[in-house]
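Computed from a predicted model, the values in this text were never measured in an experiment. Naming convention: chains lettered A, B, ... in sequence-line order (proteins, then strands); numbering from 1 in each chain.
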Protein chains: 2
Amino acid sequence: MTTPAQGLHSHVLATLGLAITAGEYPPGTVLRTDELAQRFDVSRTVVREVVRVLESMHLVESRRRVGVTVLPTASWNVYDPQVIRWRLAGADRPRQLRSLTVLRSAVEPVAAGLAALNATPEQCRELTEQALGMVATSRGRRLEEYLVHDVAFHRVVLDASGNEMFARLGDVVAEVLTGRTHHHVMFEDPDPAAVTLHVQVAEAVRERDAARAEELTRQIAVGALRELDVLAP
Amino acid sequence: MTTPAQGLHSHVLATLGLAITAGEYPPGTVLRTDELAQRFDVSRTVVREVVRVLESMHLVESRRRVGVTVLPTASWNVYDPQVIRWRLAGADRPRQLRSLTVLRSAVEPVAAGLAALNATPEQCRELTEQALGMVATSRGRRLEEYLVHDVAFHRVVLDASGNEMFARLGDVVAEVLTGRTHHHVMFEDPDPAAVTLHVQVAEAVRERDAARAEELTRQIAVGALRELDVLAP
DNA sequence: GGGAATTAAAAGTACTACTTTTATGTCACA
DNA sequence: TGTGACATAAAAGTAGTACTTTTAATTCCC
């Protein structure tokens, strides 16, 4: 019906997780294990494993004699890539994109500054290559190809920062960039100014100019925020 | 043996999660379900639920005919509060504190800037109150009381930013601050300069001066980084 | 009317039987 | 001798049932 997964577990998890993050069950809603088992036509064992996972994401809480209670948004593990994916697939995707972009605007400049200090020659090379790829695909409705380079570029920056917490945001950034490209009208080519900035960031990192890398990335971030109307125009 | 939890599940989860994040099972290690069941003296059902949760944290991967394989650090959900707690309790806690502090240094200044724009009067009041609490407890070996105000202060800032992703870092910040206080010698009073900065941040937020709130928070962050020798002295 | 005892509903745990996947080893054929 | 198809078995996945434990809610007694 929703996602034809390879296992019963995955299927039930995907369906329930999506429904909960989409707000179909308001916080406080109580689900009963065997009711769910019946609904999905699986054994209680499968449902219990799913509930345990949802519980570890703090989407629900399971209490004896009460049932499985849906928790308020505030307690969700919003950094769980799975949860992020569910929410981006749901209704409040715009809001979600906004808050993730604000997060990016805080993290990426600092990450770029660190990358300038820590990037390996290989990473510098990779960065330049992706930036050039962006230039090459920035005209003529080649948005899909452009996106690939864009995602790769930001991933390298986050990895090269040498900070594990930053590195793990690579998936988030990928989701945001993909979401943005696919959500927008997809007709217009990317902003030339942004493309140039990426090339310059690669340059700054190569030259070990941390302050410049940070500042340039901050400008990219401002552009991204403006695009989503987070900032005044 | 390790953590006497209230349920079998929690106990096994805590023990295994801690062991894996501590690096006791190198990536690639294969665990068998019924071997674990035997070792912990619980049923396979319980083990399977635990494995499912560990799988959702990307600590392990379960494949048929192979077993439960421990995954490399790079794929762990390092933003999962549970994972963070396990890692802070383990051996590489210093490294962990460092990378989390770098994350803070990126996020909190931006959050403070947003807080200056979005904080409710109630939040402004709360902020001032916590800052004053910090001042009051900053002398005379009252580190535990000081910590409470410090944590509360940063939580309010993150909440007041109005950004959900920032707000959810409250727990992380709490862990870091607690870890730092308890790890250090606990003899010396907090840096007076830091205390003053907190008061000034509260002031800036109250006066809706976003730029100042951001800059002051950046100074707090620099202090925190220096304290952990992340920056050169 | 309030508090203690009872009840029952739902999750937690255990165990067992069966199914499915799949790594690995075997054997035949080129 | 090497290669590919096939058989085997090992381990996870699924199901179903029986039992335990917790605890909200009801009842009943003082």
Side-chain angles (χ1 to χ4, degrees), chain A residues 1-17 19-20 25-72 75-76 82, chain B residues 1-17 19-20 25-72 75-76 82:
Chain A
M1 193 193 280
T2 41
T3 320
Q6 68 278 36
L8 293 182
H9 176 86
S10 325
H11 173 241
V12 177
L13 180 64
T15 310
L16 260 184
I20 293 173
Y25 305 102
T29 306
V30 176
L31 308 165
R32 252 100 82 272
T33 324
D34 29 9
E35 183 206 304
L36 291 174
Q38 210 170 351
R39 173 134 66 91
F40 287 102
D41 191 36
V42 294
S43 70
R44 225 175 51 123
T45 316
V46 171
V47 173
R48 296 200 74 267
E49 285 173 13
V50 168
V51 168
R52 281 257 129 98
V53 172
L54 292 174
E55 216 174 357
S56 87
M57 294 168 172
H58 287 90
L59 294 183
V60 302
E61 185 193 39
S62 175
R63 288 174 58 200
R64 271 178 157 137
R65 164 72 212 220
V66 175
V68 178
T69 315
V70 177
L71 294 175
S75 53
W76 297 354
Q82 184 66 94
Chain B
M1 194 194 277
T2 40
T3 321
Q6 69 277 37
L8 293 182
H9 176 88
S10 324
H11 173 242
V12 177
L13 181 64
T15 310
L16 261 184
I20 293 174
Y25 305 102
T29 306
V30 175
L31 308 165
R32 251 101 80 280
T33 325
D34 27 9
E35 183 207 304
L36 291 174
Q38 210 170 352
R39 173 136 66 90
F40 287 102
D41 192 34
V42 295
S43 72
R44 223 173 54 119
T45 315
V46 172
V47 173
R48 296 200 73 267
E49 284 172 15
V50 168
V51 167
R52 280 257 127 97
V53 172
L54 293 174
E55 216 174 357
S56 86
M57 294 169 172
H58 286 92
L59 294 183
V60 302
E61 184 193 39
S62 175
R63 288 173 58 201
R64 270 178 155 135
R65 162 75 213 217
V66 175
V68 178
T69 316
V70 178
L71 293 175
S75 53
W76 296 355
Q82 183 65 96

Atom [atom1] of [X] to atom [atom2] of [N]: distance rounded to whole Å?
X	N	atom1	atom2	answer
A:R48	D:dG16	CZ	C1'	14 Å
B:H11	C:dA14	NE2	P	13 Å
B:D34	C:dT16	CG	P	13 Å
B:L13	C:dG12	CG	C1'	15 Å
A:H9	D:dA15	NE2	P	13 Å
B:F40	C:dT13	CZ	C1'	17 Å

message: If you assign B:R64 and A:R64 each to the DNA chain C nucleotide with the nearest heavy atom, which residue ends up on the more 5' nucleotide?
response: A:R64
- prompt: Quick check: does any side chain N or O of B:E61 sit under 3.5 Å from a backbone N or O of B:V70, one acting as donor and the other as acceptor?
  reply: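 No, because the side chain of B:E61 does not come within donor-acceptor range (under 3.5 Å) of the backbone of B:V70.
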message: Between A:S75 and A:L71 (side chain of the first, backbone of the second, donor and acceptor by atom type, cut-off under 3.5 Å), is there such a pair?
response: no
- prompt: So A:R63 and A:T69, side chain to side chain contact (heavy atoms under 4.5 Å, CB included) or not? Walk me through it.
  reply: CA-CA 8 Å; A:R63 288 174 58 200; A:T69 315; 5.6 Å; no
Short side-chain N/O contact to [N] OP1/OP2 from [X], under 4.0 Å:
X	N	result
A:R52	C:dG12	yes
B:R44	C:dA14	no
A:T33	C:dA10	no

query: Donor-acceptor pair under 3.5 Å: do we get one between B:R65's side chain and the base of D:dA9?
result: yes
message: For C:dG12, does the base pair up with any side-chain atom of A:R63 as donor and acceptor (N or O, under 3.5 Å, distance only)?
response: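 No.
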- request: Among residues two or more places apart or on two chains, list those pairs meeting side-chain hydrogen bond (donor to acceptor under 3.5 Å, both in side chains) that have a residue in residues 38-49 of chain B.
  value: A:R48-B:E49, A:E49-B:R48, A:R52-B:E49, B:Y25-B:R39
[X] has a side chain; which of [options] sits nearest to it?
X	options	result
B:V68	C:dT13, C:dA10, D:dA12	D:dA12
B:V42	D:dG16, D:dG13, C:dA14	C:dA14
B:L8	D:dG16, C:dT13, D:dA11	C:dT13

message: Nearest 0.5 angstrom please: B:L16 CG to B:L36 CG, how far?
response: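 Reported value, rounded in 0.5 Å steps: 5.5 Å.
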task: Nearest-nucleotide wise, let me know which of A:D41 and B:L31 is further upstream toward the 5' end of DNA chain D.
output: B:L31
message: Under 4.0 Å, heavy atoms only, any strand: does A:V51 hit a base, just the sugar-phosphate, or nothing?
response: nothing
- request: Assign A:T45 to base, sugar-phosphate, or nothing according to its heavy-atom contacts below 4.0 angstrom with the strands shown.
  value: base
